Amino acid sequence: MGDWLGEAKAKQVYLVLRDRILSGTAGFGARLPTENELAELHGVSRVTVRRALGELARERLIELANLAEMGRCTKVKLLSFDYVPAQGAVAQALSVAADQLLQRSVRVRSVDGSPFSYLTTHVPESISVTFTKQELGSRPLLELLERAGVQIESARQRISAGLATPEVAAALDLRIGSPLIELVRVSFDQRGRGVEHLHALYRPDRYAIEIELIRSGATGTKAWSPVVRKIGAKQRLPRATNRTSPLM
């Protein structure tokens, strides 16, 4: 981390945003909140926010060239919030008993009034009781998890293709059966416990996933591998940008 980052508040904002990007919570194409929104969210000045964003840009985690566009707000609409018994693939992924309750929420994220993602999350009851429906509708889930004392250490993620069901099609303003980018991510804390299961569906015309690759291995057996860059004591896979980008 650059010494120029300065004050402790700027470092705190930087670390929170960096963790969101590295954990995949702010995936490629996801637009960061505006400077004003970040300042209000973290209780700091816009100057402090700019310092944090500058460090993220220096480490190539965001693209400052697009910061001027962040005034176009990204909004989240909470469609449902309830508690359901753990079952099936979700219970297996989180390694929880079938009778354990999970907090299930469904949210739609939009940019400039246009919906681009349909997000379904499951969180163990022991964690989710620390936040309310109103809070989830207005604050990032990662922030609420961190407030509950959860420290996300790793995640397992799968990306594939899916189709829009009638419910999803209505929420994303698509025809039933339209192709979607499907992402499933399970996040784990420092003790290896499953703390969040995310099932995300994205409109491919409004969201893109980009991975930098490098040819590695011995001559004659080289294969494509994701680029890994060191950041302090940690490593990361290719960056997430600060905006929603359509596939080209």
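All values reported here derive from a predicted model rather than from experimental measurement.
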V84 and L79: same hydrophobic cluster, using ILVMFWY side-chain contacts below 4.5 Å?
-> no
Whether S138 side chain and Q134 backbone form a donor-acceptor pair below 3.5 Å | yes
Closest contact, heavy atoms only, A86 versus V96 = CB-CG2, 3.6 Å
Verify the cluster assignment for I176 and I181: are they in a single hydrophobic cluster under the rule of side-chain heavy atoms below 4.5 Å apart?
-> no
Rounded to the nearest 0.5 Å, how far apart are CG of L201 and OG of S178?
-> 12.0 Å
Straight-line distance of L198 CG to S187 OG, nearest 0.5 Å | 7.5 Å
More than 12 foreign heavy atoms under 6.0 Å from CD of Q92: is that the case here?
-> no
Without swapping roles, check the side chain of S110 against the backbone of G113 for a donor-acceptor pair under 3.5 Å.
-> no
Is a donor on one side and an acceptor on the other found under 3.5 Å between the side chain of R147 and the backbone of T130?
-> yes
How about I127 and L144: do any of their side-chain heavy atoms sit closer than 4.5 Å?
-> no
Give the minimum heavy-atom separation between L172 and F116, together with the two atoms involved.
-> CD2-C, 4.0 Å
Side chains of L119 and H199: closer than 4.5 Å at any heavy-atom pair?
-> no
Interatomic spacing from CG in D82 to NZ in K133 - rounded to 0.5 Å | 9.0 Å
Taking the side chain as C-beta and beyond, is there a heavy-atom pair between R51 and Y14 under 4.5 Å?
-> no
Of all heavy-atom pairs linking P179 and L163, the shortest is CA-CD2, 4.1 Å
Closest non-hydrogen atom pair, P115 against R206 = O-NH1, 2.7 Å
Taking C-beta and beyond as the side chain, do L56 and R18 meet within less than 4.5 Å on heavy atoms?
-> yes
Are F81 and L142 connected in the hydrophobic side-chain network, where two residues link if heavy atoms are under 4.5 Å apart?
-> yes
E135 side chain vs T132 backbone, donor-acceptor pair below 3.5 Å = yes
Verdict with supporting geometry, V44 and V13, side-chain contact (heavy atoms from CB on, under 4.5 Å) | CA-CA 9 Å; V44 299; V13 175; 4.2 Å; yes
For Q12, look at atom CD and say whether over 12 heavy atoms of other residues, nucleotides or ligands are found less than 6.0 Å away.
-> no
Here the gap from L38 atom CG to S45 atom OG, rounded to the nearest 0.5 Å, amounts to 12.0 Å
What closest approach, in Å, do K222 and G217 show between heavy atoms, and which atom pair accounts for it?
-> CG-O, 3.4 Å
Kindly indicate whether the side chain of L141, heavy atoms from C-beta on, has any atom under 4.5 Å from the side chain of V123.
-> yes
Yes or no on side-chain contact (heavy atoms from CB on, under 4.5 Å) for Q103 and L136, after CA distance, side-chain angles and deciding distance?
-> CA-CA 11 Å; Q103 186 273 306; L136 185 59; 4.1 Å; yes
Give a yes or no on whether F131 and L78 share a hydrophobic cluster (residues Ile, Leu, Val, Met, Phe, Trp, Tyr; joining criterion: side-chain heavy atoms under 4.5 Å apart).
-> yes
Enter the distance from H122:NE2 to T120:OG1 here, rounded to the nearest 0.5 Å.
-> 7.5 Å
Output, in order, the C-alpha distance, side-chain angles, deciding distance and verdict of side-chain contact (heavy atoms from CB on, under 4.5 Å) for D189 and E153.
-> CA-CA 5 Å; D189 66 9; E153 180 71 18; 5.9 Å; no
Walk me through it: do I159 and E182 pass the test side-chain contact (heavy atoms from CB on, under 4.5 Å)?
-> CA-CA 6 Å; I159 300 172; E182 182 177 27; over 6 Å; no
Between the side chains of T48 and R50, is a donor N or O closer than 3.5 angstrom to an acceptor N or O?
-> no
For atom CZ of R191, decide whether the heavy atoms of other residues, nucleotides or ligands shown that lie under 6.0 angstrom number more than 12.
-> no
Please report the closest heavy-atom contact between P204 and L180, naming both atoms and the distance.
-> CD-CA, 4.0 Å
So, do Y83 and L102 sit near enough that their side-chain heavy atoms are less than 4.5 Å apart?
-> no
4.5 Å side-chain heavy-atom contact, R107 and T121 = yes
Side chain proximity check, R104 to S80, heavy atoms < 4.5 angstrom = yes
Is I21 reachable from V49 through a run of hydrophobic residues whose side-chain heavy atoms are each under 4.5 Å from the next?
-> yes
If you round to the nearest 0.5 Å, how far is CZ of R109 from OH of Y202?
-> 8.5 Å
